[in-house]
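Each residue takes its place number in the sequence, starting with 1. Everything numeric here is computed off the predicted structure, so don't read it as measured data. What you see below is based on every heavy atom in this structure, not just the backbone, and it leaves out hydrogens, waters and symmetry mates.
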Amino acid sequence: MPKKLHRIMATKSAKDLAGDSKALVAASDVVTGSAIAESYNDQIRPLLDAVDRLRHLKVTQEGIQLPTIVVVGDQSSGKSSVLESLAGISLPRGQGICTRVPLVMRLQDDPSADSPKLQLEYSNGRVVATSAAKVADAINAATAEIAGSGKGISDAPITLVVKKRGVPDLTLVDLPGITRVPVQGQPDNIYDQIARIIKEYIAPKESIILNVLSATVDFPTCESIRMSQQVDRTGERTLAVVTKADKAPEGLLEKVTMDDVNIGLGYVCVRNRIGEETYDQARVEEERLFKYHPLLSKIDKSMVGIPVLAQRLMQIQATIIAKCLPDIVKQINDRLSRHSCELDQMPPDLNNVADAVRAFFHIVKQVCASLEKMLVRGEFDEFPDDRNLHGTARIAEKMDGYKRGLPAQCPKSSDDGVLFLMEEVRVLEETKGINLPNFLPRSAFLVLLKKKVETIMHVPQELVNEVWGYVEEVLMNILLKHSENFPQVQPSCRRAVQTLMDKARARSAQHVKELIEMELISDYTANPDYMKTWSEIMEGHEMFMEAVEDNSKPTRITLEGFGEVDVSHLRAHAGLAGQAFDLRARLTAYWRSIVLRLVDGLALHVLRGVKRLVEHDLEAELADELLGNKMAGVERMLSPSPSTGTKRERLKKSIVLLRQSKEVVANIMDRISAAGEV
């Protein structure tokens with residue numbers, strides 16, 4: 001910020017401002033309002049106008065806090081009288097709560113004004129011109145319109161603009177006085193309502209708290225002190241105004257110098273207008289009181305008088321605006337950029353069916369591109385932290401589990417684990433015929449093969465069900481994500497996906513059925529591993545036959561492919577034992593080919609099915625669902641959901657507001673830069 005503006009705006013710390021006694025003593029000698037405003041008017045006024053303009057635009061609705069002087073005090077502490085003295089106009093008076101809504105007072109010095117110009121602004125832009133004589137009635141009427149004609153309160157503000165010669169350039173927010181006991185016509189929770197409004201205004205760090213205290217009470221007992229201390233424990237944002245000094249002068253000096261309640265910005269003692277006094281007469285009487293009263297005259301002149309209060313407030317206001325302005329500019333730019341990006345990401349307004357069709361195919365294109373990355377190419381940059389959406393890895397895990405679920409060794413019958421080769425012996429006995437004895441019956445092999453295959457035929461079907469269940473979950477997540485701006489068509493998308501997955505499951509079920517049928521229909525393989533494995537096992541055939549036929553040999557032997565076995569029970573079936581051994585060797589060797597075919601064939605089927613789904617079937621199914629039936633599906637896209645329409649309008653309004661706010665702060669920053677070059 002330019003050096004000149006630093007000097008003009010007196011950017012001191014709060015403690016410095018509280019202790020700048022020389023400037024404040026000089027200010028206390030200036031009784032007339034025009035002299036109060038003159039020193040800061042030309043330099044500070046543009047900044048105040050900018051902040052007031054931002055407040056008028058309601059930029060606070062975007063979460064951007066503005067520098068604000070907030071006036072709080074217990075009921076009947078004299079808040080309204082202090083504001084009257086600063087503005088030189090009369091505000092509503094009466095019993096109970098006089099201020100029932102937040103009153104934003106914008107005081108603007110207008111040296112050319114022959115008479116005060118006043119207007120009220122409330123209820124979303126309503127403007128009512130009034131006069132000094134009628135302003136109290138106008139405020140009461142506006143309050144009744146907002147908060148009702150009773151004694152209830154509201155958080156909807158009224159803005160009072162006062163353009164008058166000699167007033168200080170200030171903007172203050174007067175809040176309802178704090179009362180704990182509801183009177184007739186007030187709700188039982190009136191204290192909670194008032195406390196909520198007050199805390200909402202004084203909590204932001206940009207707020208300066210002007211705490212109005214009556215000299216007739218002990219400061220630590222004031223509810224307004226307790227509330228301000230809750231949000232400003234160090235008191236660095238709190239300035240105290242002590243009213244009714246003339247009614248309780250005893251001990252006042254000690255109160256404001258000892259500072260038992262931790263008021264960081266210090267105290268200013270004032271005497272408000274009494275009776276029919278004019279405001280000029282009241283200032284003269286105030287000066288006389290603090291100059292000649294035996295007790296009050298001992299209070300430092302930098303701590304007494306409405307002129308000192310006005311000067312102090314203008315200094316504080318200038319400081320807080322200078323401190324907050326850069327951050328306000330940054331917040332406006334950040335929110336404008338964020339809202340603009342969010343609006344750009346929303347779907348454009350669809351005006352006709354052609355627009356809807358283009359939007360539909362754009363969604364399909366996005367969905368297919370995402371699915372191709374996740375389910376085909378194995379890329380997961382869109383969802384790096386969601387492992388469930390790393391498609392190829394999860395499908396590969398399921399395939400590995402499927403492979404482990406298929407027995408690597410030829411399955412045994414329930415009693416075969418105890419009696420080696422007895423299953424083969426029983427089958428051979430049932431398939432023997434009138435033929436040469438050294439021929440292995442092929443029918444025996446096929447009978448055993450069928451039994452073995454049937455024990456695992458459910459495993460491939462379980463795999464395809466698991467894979468397509470996972471693919472459906474991923475597909476639905478991605479489809480809903482890319483169509484989130486068109487929730488009205490998502491039910492149609494769900495139906496299309498369910499239909500598509502039913503077809504995929506049916507194709508896979510048929511493929512599994514054919515795989516199993518192919519294994520059952522015949523015994524064939526060109527895999528050389530079959531003959532190699534069979535030959536290795538048959539090398540133990542001679543030793544096996546010796547153990548069976550020679551009773552002197554041990555009955556427990558170790559065989560390649562079978563491990564240690566007991567053959568004692570086979571001596572009673574010596575004529576079939578050799579064929580049973582050969583049959584088991586063939587089944588064992590052939591089983592490896594069966595497992596390999598079931599794994600490889602199903603894996604390739606799944607990969608082909610996923611690729612087909614992503615590259616063709618999904619788009620076709622969605623098109624049938626949404627473009628069929630005279631394009632009833634895409635026509636629903638022309639009727640945006642209430643949530644989408646509401647969000648779009650909210651973003652548009654926010655962007656308009658923020659752009660206007662950006663223009664306001666840009667203009668003031670240009671003026672600051674120009675001032676720095678002078």
* Could you walk me through whether K205 and E236 pass the salt bridge (Lys or Arg N to Asp or Glu O under 4.0 Å) check? -> CA-CA 10 Å; K205 66 181 186 303; E236 64 180 358; over 6 Å; no
Would you say that [X] contacts [Y] through its side chain, given a criterion of any heavy-atom pair below 4.5 Å between the two side chains?
X	Y	value
L657	V59	yes
L210	L172	yes
S224	L213	yes
I225	Q229	yes
Q317	I208	no
V104	V161	no
V135	L160	yes
V71	V173	no

Would you please name every residue forming a side chain to side chain donor-acceptor pair (under 3.5 Å) with [X], sequence neighbours left out?
X	answer
D155	none
K291	none
D334	K330
E121	H56, Q119

Any donor and acceptor pair, going by atom type alone, linking the side chain of [X] with main-chain N or O of [Y] inside 3.5 Å?
X	Y	value
S77	Q75	no
R237	V231	yes
T68	V70	no
S207	Y201	yes
R100	G152	yes
R55	P67	yes
Q281	T278	yes
N189	D192	no
D109	D169	no

When rounded to the nearest 0.5 angstrom, what distance separates [atom1] in [X] from [atom2] in [Y]?
X	Y	atom1	atom2	answer
Q230	I198	CD	CD1	10.5 Å
S340	R335	OG	CZ	13.5 Å
I655	L651	CD1	CG	6.0 Å
E84	I306	CD	CD1	10.5 Å
R659	H339	CZ	NE2	12.0 Å
I274	E276	CD1	CD	12.0 Å

* To do: Please test N667 against E663 for side-chain hydrogen bond (donor to acceptor under 3.5 Å, both in side chains), starting from the C-alpha separation and ending with a verdict.
  => CA-CA 6 Å; N667 289 338; E663 184 177 353; 4.5 Å; no
Grab the two heavy atoms, one from [X] and one from [Y], that are nearest each other, plus how far apart they are.
X	Y	answer
G78	T243	O-CG2, 4.2 Å
S228	N211	OG-ND2, 3.3 Å
P157	I146	O-CD1, 4.2 Å

* Is it true that the NZ or CZ of R273 lies under 6.0 Å from the centre of Y279's six-membered ring and within 45 degrees of the ring axis? -> yes
Going by salt bridge (charged side-chain N to carboxylate O under 4.0 Å, His left out), name the pairs with one or both residues in [range], residues two or more places apart or in two chains.
range	answer
residues 224-234	E223-R226
residues 124-150	R126-E145
residues 57-67	none

* To do: Check the pair E342 / K647 against side-chain contact (heavy atoms from CB on, under 4.5 Å), numbers first and verdict last.
  => CA-CA 10 Å; E342 193 173 353; K647 180 180 179 181; 3.0 Å; yes
* **side-chain contact (heavy atoms from CB on, under 4.5 Å) evaluation trace for V212 with D74** => CA-CA 8 Å; V212 181; D74 291 6; over 6 Å; no
Test of understanding: with side chain to side chain contact (heavy atoms under 4.5 Å, CB included), list the residues that count as partners of [X], not counting sequence neighbours.
X	answer
L57	R53, Q660, S661, V664
S149	none
A141	none
D114	R165

* Going through the distances and angles, do E206 and K323 end up as a salt bridge (Lys or Arg N to Asp or Glu O under 4.0 Å)? -> CA-CA 9 Å; E206 295 84 1; K323 178 181 177 182; over 6 Å; no
* Do L265 and T238 pass the side-chain contact (heavy atoms from CB on, under 4.5 Å) test, and can you show the C-alpha distance, the side-chain angles, and the key distance before you say yes or no? -> CA-CA 6 Å; L265 294 177; T238 303; 5.9 Å; no
* Asked: Where do I194 and T179 land on the side-chain contact (heavy atoms from CB on, under 4.5 Å) test, with the steps shown first?
  -> CA-CA 8 Å; I194 294 174; T179 178; 3.9 Å; yes
* Does the pair S302 and D300 meet the rule for a side-chain hydrogen bond (donor to acceptor under 3.5 Å, both in side chains), with working shown? -> CA-CA 5 Å; S302 66; D300 192 284; 2.6 Å; yes
* Crowding at CG, D188 (>12 non-hydrogen neighbours, <6.0 Å) -> no
* Are D110 and S112 close enough that a side-chain donor and a side-chain acceptor fall under 3.5 Å? -> yes
Enumerate donor-acceptor pairs with a distance under 3.5 Å from any side-chain N or O in residues 249-256 to protein atoms, sequence neighbours excluded.
unit_1	atom_1	unit_2	atom_2	d
K255	NZ	A215	O	3.1
K255	NZ	V217	O	2.7

* Asked: So K79 and D174, salt bridge (Lys or Arg N to Asp or Glu O under 4.0 Å) or not? Walk me through it.
  -> CA-CA 8 Å; K79 285 193 304 89; D174 184 24; 2.7 Å; yes
